[in-house]
Q: 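Here it is: the structure, laid out below.
What you see below is based on every heavy atom in this structure, not just the backbone, and it leaves out hydrogens, waters and symmetry mates. The structure presented is a predicted model; accordingly, all values stated were derived computationally and were not measured.
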Amino acid sequence: YLAFSKIGDEKRVKTGIQRFDKVMMGGYLAGEVLGLVALTGGGKTTFGLNAIIQNAERSNKEMNVYFSLEMPRRILLQRILQIKTGNSGSDIWNYAKRDDKTFMENSRNILSKLNIEIVDKRIPIYDYLSYVYRVEDKYKMKVSMTLNDHAGLFKSNQKTDKSQAS
């Protein structure tokens, strides 16, 4: 990757994962498509959420769209709060169950400052771009990052002969 990316003043997108950003010379290049593949529990969603939060915090004049078919919106919002507050998922859940007013207000404040649109409904891959345009129209700002957290889009309909797999 580094051999193919130019070294210079190009806009780099930080992921929020310091070791990764260091290896990538400050982050990946803006405008690139980055594919991340790992087993369940390997940190793909956490990686993606960190990247989109970093991008949202960098500019309040641009939108970010997070497409997910594997986690509902409320769980993704909880994960964002975990990243932003350092609280565990169970702590956040307990605050919400108790209807803790201070926590709820702080959560709304944190989430309102992040220009992230979470899409947790099925949208055909060929409609993604038109959806991004609709988000730009809705918020009257450019979408600078889209993130697709749905490995099912990469499944092939082509049948393979398992005896040839090694």
Side-chain angles (χ1 to χ4, degrees), residues 13-21 23-24 27-28 30 32-157:
V13 179
K14 292 187 184 304
T15 63
I17 301 169
Q18 291 179 348
R19 291 178 69 191
F20 182 84
D21 291 339
V23 168
M24 300 298 283
Y28 59 92
E32 288 188 315
V33 174
L34 180 64
L36 183 62
V37 180
L39 295 172
T40 300
K44 300 177 300 295
T45 299
T46 300
F47 180 93
L49 286 172
N50 271 289
I52 210 160
I53 289 168
Q54 287 285 320
N55 203 56
E57 289 176 336
R58 196 173 15 269
S59 173
N60 63 356
K61 295 180 176 134
E62 298 176 330
M63 279 303 294
N64 301 274
V65 182
Y66 192 105
F67 293 99
S68 174
L69 294 180
E70 297 174 357
M71 279 192 197
R73 184 176 194 278
R74 65 180 174 76
I75 299 296
L76 290 167
L77 292 172
Q78 178 182 331
R79 298 278 299 270
I80 290 171
L81 289 173
Q82 284 177 253
I83 292 167
K84 294 294 296 166
T85 66
N87 287 314
S88 71
S90 60
D91 286 344
I92 290 171
W93 181 250
N94 287 331
Y95 288 135
K97 276 191 342 191
R98 287 194 314 252
D99 198 24
D100 184 301
K101 303 294 184 207
T102 303
F103 173 78
M104 300 304 270
E105 183 60 33
N106 288 341
S107 297
R108 277 191 287 280
N109 190 29
I110 288 168
L111 296 172
S112 70
K113 291 179 181 176
L114 297 173
N115 293 333
I116 301 173
E117 172 89 1
I118 296 175
V119 182
D120 63 351
K121 59 185 176 185
R122 186 167 297 282
I123 296 175
I125 189 73
Y126 52 82
D127 281 343
Y128 271 42
L129 188 56
S130 61
Y131 192 91
V132 168
Y133 290 146
R134 287 193 299 274
V135 168
E136 289 180 336
D137 287 344
K138 177 180 176 182
Y139 293 100
K140 305 295 185 227
M141 54 178 91
K142 178 183 169 239
V143 170
S144 64
M145 178 184 276
T146 61
L147 196 139
N148 176 29
D149 190 3
H150 176 54
L153 289 174
F154 301 105
K155 289 181 182 173
S156 171
N157 290 333

Q: Report yes or no: does Thr46 contribute a side-chain atom to a donor-acceptor pair with the main-chain N or O of Gly43 at less than 3.5 Å?
A: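 Judged by distance alone, no pair lies under 3.5 Å.
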Q: Distance from Lys113 atom NZ to Lys84 atom NZ, nearest 0.5 Å?
A: 9.0 Å
Q: Between Asp99 and Lys97, is there a salt bridge with N-O shorter than 4.0 Å?
A: no
Q: Within a reach of under 6.0 Å around CZ of Arg98, are more than 12 heavy atoms found that belong to other residues, nucleotides or ligands?
A: yes
Q: Taking the side chain as everything from C-beta on, heavy atoms only, tell me whether Ile92 gets closer than 4.5 Å to Phe103.
A: yes
Q: Find the distance between OH (Tyr66) and CG (Leu114) and round it off to the nearest 0.5 Å.
A: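 Spacing of OH (Tyr66) from CG (Leu114) equals 13.5 Å.
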Q: Is the shortest heavy-atom distance from the side chain of Leu49 to the side chain of Ile80 under 4.5 Å?
A: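 Yes, at least one pair of side-chain atoms sits under 4.5 Å.
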Q: How close do Ile123 and Val119 get, counting heavy atoms only, and between which atoms?
A: CD1-CG1, 3.4 Å
Q: Return yes if some donor-acceptor pair links the side-chain N/O of Lys142 with the main-chain N/O of Lys61 below 3.5 Å, else return no.
A: no
Q: Looking at CG of Leu129 and CZ of Arg134, how far apart are the two atoms once the value is rounded to the nearest 0.5 Å?
A: 10.0 Å
Q: For Val65, does its backbone N or O pair with a side-chain atom of Glu117 as donor and acceptor, under 3.5 Å?
A: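 Not confirmed, Glu117 side chain does not pair with Val65 backbone.
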Q: Judged by atom type as modelled, is there a donor-acceptor pair below 3.5 Å linking the side chain of Asn94 to the main-chain atoms of Ser90?
A: yes
Q: Do Tyr128 and Thr146 come within less than 4.5 Å of each other through their side chains, counting heavy atoms only?
A: no
Q: Quick one: does Met71's side chain get under 4.5 Å of Asp149's, heavy atoms only?
A: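 Not touching, per the 4.5 Å side-chain cut-off.
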Q: As an exercise, state the distance from CG of Leu111 to CD1 of Ile116, rounded to the nearest 0.5 Å.
A: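 Reported to 0.5 Å precision, the distance equals 8.5 Å.
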Q: Would you indicate whether the side-chain heavy atoms of Ile75 and Gln78 approach each other to under 4.5 Å?
A: yes
Q: What are the two closest heavy atoms between Met104 and Ala96, and how far apart are they?
A: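 Closest approach of Met104 to Ala96: SD-CA, 4.1 Å.
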Q: Run through Asn55, Val143, Val135 and flag the one making a side chain to side chain contact (heavy atoms under 4.5 Å, CB included) with Asn64.
A: Asn55
Q: May I ask you to decide if the ring planes of Phe47 and Phe20 are parallel, tilted or perpendicular, using 30° and 60° as cut-offs?
A: perpendicular
Q: Rounded to the nearest 0.5 Å, how far apart are CZ of Arg108 and CG of Asn106?
A: 9.5 Å
Q: Once you round to the nearest 0.5 Å, how far does CG of Asp91 lie from CG of Asp100?
A: 11.0 Å
Q: Let's go through Leu76 and Asp120 carefully: what are the C-alpha distance in whole Å and the side-chain angles of both, what is the deciding distance for side chain to side chain contact (heavy atoms under 4.5 Å, CB included) to 0.1 Å, and is it a yes or a no?
A: CA-CA 9 Å; Leu76 290 167; Asp120 63 351; 5.5 Å; no
Q: Does Asn115 use its side chain to pair, donor to acceptor, with the backbone of Ala56 at less than 3.5 Å?
A: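 The answer is no, because no donor-acceptor pair under 3.5 Å joins these two groups.
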Q: State, to 0.1 Å, how close Gly89 and Gln82 come at their nearest heavy-atom pair, and which atoms those are.
A: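 Scanning both residues, the minimum pair turns out to be N-NE2, 3.3 Å.
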